[in-house]
Engineer: 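Below is a structure I'd like to ask you about.
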Amino acid sequence: MTATTAPAASAPATAPGPPAPAPSSARHIPASRQPRVVVKSADMPDDMQRKAIELALVALDRFELERDMAQYLKKEFDARFQPSWHCIVGRHFGSYVTHEGAGFLYFYIEKIAILLFRSG
């Protein structure tokens, strides 16, 4: 005589359907299309870093020229976090800057480097 075992219990199946809609304020980008962001160096609170990355993504969508992207980021940070912010956007540049405490962020979005710092 052979013994049989009952199949293991599994979680109840849910009916397939469309996913729940994202909140209207959330910007949904499919994972395959989300740009890769790499923070290389930071002396900045996390909330400011997130805002810098968010604004940089807006700048990349809105502007073609790196000069215009840098100007947009500088003006936004001056307005939100008090002057004097400086911003460099490009693919090939070197830098050595003096910055105020909690006012430095160097990161990449794909192949675009962004240096944002407060000095002065």
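Just so you know, these numbers come straight off a predicted model, no measurement behind them.
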Engineer: Using every non-hydrogen atom in the two residues, find where P83 and D78 come nearest and quote the distance to one decimal.
Structural biologist: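 Closest heavy-atom pair between P83 and D78: CA-OD1, 3.4 Å.
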Engineer: Where do C87 and L116 come nearest, in terms of heavy atoms and distance?
Structural biologist: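 In terms of heavy atoms, the two residues are closest at CB-CD1, 3.9 Å.
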Engineer: Tell me which pairs pass ring pair (Phe, Tyr, Trp, His ring centres under 6.0 Å) where either residue lies in residues 44-69, with sequence neighbours left out.
Structural biologist: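 Counting only pairs at least two positions apart or across chains, the ring pair (Phe, Tyr, Trp, His ring centres under 6.0 Å) contacts touching residues 44-69 are F63-Y72.
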Engineer: Any pair with a residue in residues 37-53 that passes salt bridge (charged side-chain N to carboxylate O under 4.0 Å, His left out), sequence neighbours left out, goes on the list, sorted by first then second residue, please.
Structural biologist: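 Sorted pair list: K51-E54.
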Engineer: Should Y108 and F93 be counted in the same cluster of Ile, Leu, Val, Met, Phe, Trp and Tyr side chains packed under 4.5 Å apart?
Structural biologist: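 Both belong to a single hydrophobic cluster.
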Engineer: Quick check, are the ring centers of F104 and H99 under 6.0 angstrom apart?
Structural biologist: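 Ring centres of H99 and F104 closer than 6.0 Å.
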Engineer: Can you tell me how far apart CG (L55) and CE (M69) are? Round to the nearest 0.5 Å.
Structural biologist: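 Between L55 CG and M69 CE, I get 13.5 Å after rounding to 0.5 Å.
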Engineer: With rounding to the nearest 0.5 Å, note down the distance linking CG in L115 to OH in Y106.
Structural biologist: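 The distance works out to 7.5 Å.
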Engineer: Considering all heavy atoms of both residues, which atom of A102 and which atom of P45 are nearest to each other, and what is their separation?
Structural biologist: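 Nearest pair, atom of A102 first, then P45: O-CD, 3.9 Å.
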Engineer: So do the side chains of W85 and L73 get within less than 4.5 Å of each other, counting heavy atoms only?
Structural biologist: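 No - every pair of side-chain heavy atoms lies 4.5 Å or more apart.
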Engineer: Considering only heavy atoms from C-beta outward, does the side chain of R91 approach that of I112 to under 4.5 Å?
Structural biologist: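 Touching, per the 4.5 Å side-chain cut-off.
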Engineer: Linking I/L/V/M/F/W/Y whenever their side-chain heavy atoms sit closer than 4.5 Å, directly or via other members, would I109 and V58 fall into one cluster?
Structural biologist: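 Cluster IDs for I109 and V58 match.
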Engineer: Write out all pairs satisfying salt bridge (charged side-chain N to carboxylate O under 4.0 Å, His left out) with one or both partners inside residues 99-116, taking only residues at least two apart or from two chains.
Structural biologist: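 Qualifying pairs, neighbours excluded: none.
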Engineer: Can you check whether H86's main-chain N or O pairs, donor with acceptor, with K74's side chain at less than 3.5 Å?
Structural biologist: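 Looks like no, no N/O pair under 3.5 Å.
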Engineer: Is there a path of hydrophobic side-chain contacts, each under 4.5 Å between heavy atoms of I/L/V/M/F/W/Y residues, joining I88 to I53?
Structural biologist: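 No; tracing contacts between hydrophobic side chains, which count when under 4.5 Å, never links both residues.
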Engineer: Does one hydrophobic cluster hold both V39 and F117, with members joined at side-chain heavy-atom distances below 4.5 Å?
Structural biologist: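 No, it is not one cluster - the side chains of V39 and F117 are not joined through contacts under 4.5 Å.
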